[in-house]
Amino acid sequence: MPNMSPNKVRMPEQEPELRNKNFNEVALGYTEQMAMEEAQRCLNCVNRPCVAGCPVNVQIPDFIKLIAEGKFEEAYWKIRETNNLPAICGRVCPQETQCEKVCIRARRGEPVGIGRLERFAADWYMANAKENSGKADGKAEKKNRKVAVIGSGPAGLTCAADLARVGYSVTIFEAFHDAGGVLIYGIPEFRLPKEIVREEVDTIKKLGVEIKTNMVIGKTLTLDELRKEGYEAIFIGTGAGLPSFLGIPGENLNGVYSANEFLTRVNLMKAYRFPEYDTPIKVGRRVAVIGAGNVAMDAARCAKRLGAEKVCIVYRRSEAEMPARQEEVHHAKEEGIEFKLLTNPIRVLGTDNGWVKGLKCIEMELGEPDSSGRRRPIAKAGTEHVIDVDNVIVAIGQTPNPLIASTTAGLETQKWGGIIVDEETCATSLEGVFAGGDAVTGAATVILAMGAGKKAAASIDKYLSQKAD
Amino acid sequence: MYRIVRKKVLNPTVKLIEVEAPYVARKAEPGQFIILRVNEKGERIPLTVADFDREKGTVTIIFQKVGKTTKLLGTLEEGDLILDFVGPLGKPTHLEGVKKAVVIGGGLGTAIAYPQAKKLYSLGAEVDIIAGFRNKDLIILEEELAKVCHRLFITTDDGSNGTKGFVSDILKELLDQGNRYDLAIAIGPLVMMKVVSNLTRPYGIKTIVSMNPIMIDGTGMCGGCRITVGGTTKFACVDGPDFDGHQVDFDEAIRRQSMYREEEKRSMEEHECKLGGGNNA
């Protein structure tokens, strides 16, 4: 008998007042009991809309059924058939706009907690079966053909794993000293523990993928040189790493960070453990974060954890237009982050010594929809005011880094930097060069990048198979 | 991991190390920099490439003990390993077609100016070098510099060697004497680069300065290294590190350089505290 409760089984979390002072994971995960109870909410319906709602087509009802039956390891391997990073996806995928959005149970009550169950299966496997599992990833026959993957974020890892599974010799080139891309430098520990990322990266290494760190493609090696080194196909998954600034006066004052810099210091460089770790970060008593996407929420919640008394999100539109996941907004509010909506920053104010002391803003109201379909914010005359702050973190978006495009003749890009690809094949304007993820779309989600990595892997396989004929 | 194959102490606070980094060595050009991290808990710091040997696959860096990381780096010996070493980053300096140049180095900046002078000289330019140090004990690379220029001027702040005074004093003298250059390269403390740029401005001498702001990734990702040049924001890591000295907002750069002064002090104190504890044990 299915469990007909209209609500998901609650997942335990650290209490807000406790967690906003530490970097430990917020959501604690299901126990076996909870997972089986939640799994029984799946009706195993005929149409399986959730599978189509997943960018990597995880066979969702099948793995959930296995969990309901207590076959946790089998559930893990069922997910792994199409998803190489289940512990990550279970944590950071926006299920509410994908698989769970189309779940039949969502018509009356809450959808099945697919993300929570995916996370459970992956965590259970890591804790209980990884070391002594009889099963392992199958090793395909080696093809002895080299593929280069640039960037070790979600797109690159997925593409590399899928190619390695069918026998290619894959090398990932990573600019940073650690693999994982945005999973390592961007998403904070309390949302995605770095140990989990490391475990997932290890799983991919065990497939035979080699990861070379400290390699800035476009500088250390160019695309042409990679080809000369015998890589027959190249996948560019370099993400969207270029921070956007507002272009308002005072943005270069001491105490103004791009969200990228702020998060990289905290996550990759572990500045929250300064001075045990050498990289410092400067967080004052009051912090304003400009923007309302997931990155802004991450930055705000980090600032709070680093000891700021008051942290506010400053956003020029209203709550309805905020791009962040609802869950992130909810968590941020619980942790005491304030939201100053319909508020647009116009100048960062500084002390005589050049340190931030305030953010001058103007109130906004919403007008007609603009090109993005969202209602255009319009300034209300005479509503200028100052928010007293010691730090400003600019989290208004990132665009692709031009480093590769600028050093590769013939690689076509959009005006804003995105690499132009054929949507079906991920092929770029250069033969044998494919691209996917944020490098193509601009900043999006982990799972969309993984979907693109998967698609590219399939077309790289096709391209190389045909080339051999 | 990147092995140190040679180490040389240049003066009490400045050291040279030659590091095995074949990929970096293959591509490095004067003006570019690398980023290194000594160990797992270390900071990523940018250091300018002082020299490279493509055949041996080595890159030489020269650094001064200013904080914990450079202090730690200075304790490593030949054969020791550096955890991370990435590059070459930034744009190379354009030195082609220069007829007469003055290369000005202040303190450690002299080490960074050296490869520029070397390349200019090898390209056939007439090169004057002005190198300034606080006192005679801190003079570095005197022999090397002498080999890559037509005239070498050494200054010390206290007059313990060479001319007493600053590099800018010599530059002013040379300009007053009627020497004209089609390029000036100034590398050293921000204040020195500012003064030199102000001196050359009235003569319309193109002046390149090398900026070395705080940065993390060195690939345009963090924006921590932003500086204002000609009224617009530039990222030193990808747009530089060389910039037109007449356009750089030095006052802003000086201010930004001081952002973590307290933390740097604290980091150093903790480090020395631990070392002290170790000795007593």
Side-chain angles (χ1 to χ4, degrees), chain A residues 174-178 185-186 212-222 225 238-245 247 251-265 268-271 273-282 350 353-355 394 398-404 406, chain B residues 2 21 23-24 26-27 32 34-45 67-69 72 83-90 214-228 232-233 235 238 249 251-260 262-264 266-271:
Chain A
E174 166 58 43
F176 266 131
H177 53 257
D178 256 345
Y185 75 73
K212 288 192 174 178
T213 53
N214 294 329
M215 297 293 274
V216 183
I217 303 302
K219 285 284 173 190
T220 313
L221 281 174
T222 62
E225 287 165 322
T238 45
L242 204 69
S244 302
F245 286 92
E251 236 173 348
N252 290 353
L253 286 165
N254 287 7
V256 181
Y257 285 106
S258 73
N260 260 4
E261 178 180 2
F262 189 79
L263 290 173
T264 302
R265 282 181 182 272
L268 177 76
M269 305 310 296
K270 302 219 179 328
R273 289 166 70 178
F274 179 87
E276 182 199 351
Y277 282 75
D278 293 342
T279 304
I281 193 147
K282 206 88 182 177
N353 300 331
W355 284 85
V394 183
Q398 301 85 232
T399 54
N401 193 316
L403 215 51
I404 290 180
S406 66
Chain B
Y2 304 81
Y23 279 113
V24 187
R26 226 152 74 175
K27 283 288 188 61
Q32 291 188 294
I34 57 98
I35 284 186
L36 64 77
R37 193 172 67 132
V38 178
N39 57 33
E40 195 54 45
K41 292 183 176 175
E43 219 180 337
R44 292 170 65 97
I45 59 160
K68 180 182 169 185
T69 305
L72 198 62
L83 185 57
D84 298 297
F85 193 93
V86 57
L89 300 167
I214 294 164
M215 59 176 78
I216 304 176
D217 59 294
T219 63
M221 207 197 88
C222 77
C225 65
R226 58 195 189 278
I227 58 174
T228 302
T232 51
T233 295
F235 289 0
V238 286
D249 182 341
D251 295 336
E252 179 188 272
I254 289 167
R255 210 184 62 219
R256 289 184 64 80
Q257 198 71 5
S258 73
M259 183 144 165
Y260 296 102
E262 287 166 33
E263 286 75 13
E264 282 157 13
R266 188 167 160 216
S267 195
M268 192 69 158
E269 281 165 4
E270 298 254 343
H271 179 62

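Bear in mind that the values here come from a model prediction, so they are computed numbers and not experimental data. Every chain is numbered from 1, with letters handed out A, B, ... down the list of sequences.
Counting heavy-atom pairs closer than 4.5 Å to chain A, the top-ranked of the candidates B/M215, B/Q32, B/R44, B/E40 is B/R44. Chain A forms more heavy-atom pairs under 4.5 Å with one residue of B/G220, B/G218, B/S258, B/G223 than with any other, namely B/G220. Among A/P243, A/S258, A/G239, the residue making the largest number of heavy-atom pairs under 4.5 Å with chain B is A/P243.
Atom CG of B/L36 sits about 12.0 Å away from atom NE2 of A/H177, to the nearest 0.5 Å. Rounding to the nearest 0.5 Å places CZ of A/R265 at 4.0 Å from CD1 of B/I216. Here the SG-CE distance, from B/C222 to A/M269, works out to 10.5 Å after rounding to the nearest 0.5 Å. Taking CE of B/M259 as the start and CG of A/L253 as the end, the distance is 10.0 Å to the nearest 0.5 Å.
For the pair B/R226 (side chain) and A/E251 (backbone), a donor-acceptor distance under 3.5 Å is present. Remark: side-chain polar atoms of A/T220 are not paired, donor with acceptor, to backbone N or O of B/Y23 under 3.5 angstrom. Using a distance-only test at 3.5 Å, with no hydrogens or angles considered, a donor-acceptor pair links the side chain of A/N254 to the main chain of B/R255. In this structure a side-chain-to-backbone donor-acceptor pair under 3.5 Å is missing from A/N252 to B/E252. Counting only distance, with no hydrogens or angles, the side chain of A/N260 and the backbone of B/M221 share a donor-acceptor pair below 3.5 Å.
Residue contact with chain B, scored on non-hydrogen atoms closer than 4.5 Å, involves the backbone and the side chain of A/L242 alike. Looking at A/L263, neither its backbone nor its side chain comes within 4.5 Å of chain B, counting heavy atoms on both sides. Contacts between B/R256 and chain A at a heavy-atom distance below 4.5 Å involve backbone atoms as well as side-chain atoms. Of the atoms belonging to A/K282, heavy atoms from both backbone and side chain fall under 4.5 Å from chain B. B/R26 touches chain A through its side chain: at least one heavy atom from C-beta onward sits under 4.5 Å away, while N, CA, C and O do not. Contacts between A/F262 and chain B at a heavy-atom distance below 4.5 Å are absent for every atom of the residue. Looking at A/T238, there are no atoms closer than 4.5 Å to chain B (heavy atoms on both sides), in backbone or side chain. Contacts of A/R273 with chain B are absent, with no heavy-atom separation under 4.5 Å from either backbone or side chain. Of the two parts of A/V256, the backbone and the side chain both hold a non-hydrogen atom closer than 4.5 Å to a non-hydrogen atom of chain B. Contact annotation for B/I214: only side-chain heavy atoms (C-beta onward) come within less than 4.5 Å of a heavy atom of chain A.
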**Request:** Evaluate salt bridge (Lys or Arg N to Asp or Glu O under 4.0 Å) for A/K270 paired with B/E43, printing each intermediate quantity in order.
**Result:** CA-CA 10 Å; A/K270 302 219 179 328; B/E43 219 180 337; over 6 Å; no
**Request:** With side-chain contact (heavy atoms from CB on, under 4.5 Å) as the test, would you mind laying out the steps for A/L403 and B/T219 before giving the verdict?
**Result:** CA-CA 8 Å; A/L403 215 51; B/T219 63; 4.1 Å; yes
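Of all heavy-atom pairs spanning B/L83 and A/N214, the tightest one is O-ND2, 4.3 Å. Of all heavy-atom pairs spanning A/P275 and B/E270, the tightest one is CG-CD, 3.6 Å. Pairing each heavy atom of B/K27 with each of A/L221, the nearest pair is NZ-CA, 3.9 Å.
Counting non-hydrogen atoms of other residues, nucleotides and ligands closer than 6.0 Å to CD of A/E225 gives a total above 12.
Relative ring orientation between A/F245 and B/F235 is described as perpendicular, the plane-to-plane angle rising above 60° on a 0-90° scale split at 30° and 60°.
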